[in-house]
Amino acid sequence: MDDGYTDRVLDLVERIPPGRVLSYGAVAEILDEGGPRQVGRVMAMDGGAVAWWRVVRADGSLTAAHGMGAQEHYAEEGTPMRANGHAVDMSRALWQYRD
DNA sequence: CTCTTGACGCCGG
DNA sequence: TCCGGCGCCAAGA
């Protein structure tokens, strides 16, 4: 199977600096292939091997899988959170990727 | 080959 | 703000 895509996704996620995040769509855009759903699939399969908590939805909100301790990581990394605390402040936490 | 489903995203109402 | 619809791509039944 094509683990190439999986590797590229996981590699990018590993490159996300602590305290920063990327959205599923952003990952797809940076890799310039697949889409948000493909990224989500990869994370669902092998996301456990990387910093899965650094990948959130486009609006900064979290998903079911993020509830298992992601907030602990955010607090530890000092990730900017929205007032409610159940979503990331995208305007500040979104990683400005550049190659 | 078709239909459903999903760690998604954007637009309306 | 909350909800629903449609588009998106790939995998499984």
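In what follows, chains carry the letters A, B, and so on, assigned in the order in which the sequence lines appear, proteins first and then strands, with residues in each chain numbered from 1. Remember, predicted model here, so these are calculated numbers, not experimental data.
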Can you measure A:Asp32 atom CG to C:dC8 atom P for me and round it to whole angstrom units?
16 Å

So what does A:Ala58 hit on the nucleic acid, given a heavy-atom distance under 4.0 Å: a base, only sugar-phosphate, or nothing?
sugar-phosphate

NA contact type, A:Gly35, heavy-atom cut-off 4.0 Å: base, sugar-phosphate, or nothing?
nothing

Would you call A:Ile30 and A:Asp99 a side-chain contact if the rule is heavy atoms closer than 4.5 Å?
no

Would you mind reading off the distance between A:Asp59 atom CG and B:dG9 atom P, rounded to a whole angstrom?
7 Å

In terms of side-chain heavy atoms of A:Ala44, which of B:dC8, B:dA7, B:dG6 is nearest?
B:dA7

Can you check the A:His86 NE2 to C:dT1 P distance for me, whole Å?
9 Å

For atom CG of A:Leu31 and atom P of C:dC9, their distance in whole Å
15 Å

I need the CD-C1' distance between A:Glu33 and C:dC8, as an integer number of Å.
15 Å

Starting at OH of A:Tyr24 and ending at C1' of C:dG7, how long is that distance when rounded to a whole Å?
19 Å

What integer distance in Å separates A:Arg57:CZ from B:dG6:P?
13 Å

Does A:Trp52 offer a backbone N or O that forms a donor-acceptor pair with the side chain of A:His66 under 3.5 Å?
yes

Can you tell me how far C1' of C:dA11 sits from CZ of A:Arg37, to the nearest Å?
12 Å

A:Arg20 bridged to A:Glu77 by N-O distance under 4.0 Å:
no

Suppose we call a contact any N or O donor and acceptor under 3.5 Å apart; does that hold for the side chain of A:Arg41 and the base of C:dA10?
yes

Are A:Arg92 and A:Asp89 ion-paired here, with the side-chain N under 4.0 Å from a carboxylate O?
yes

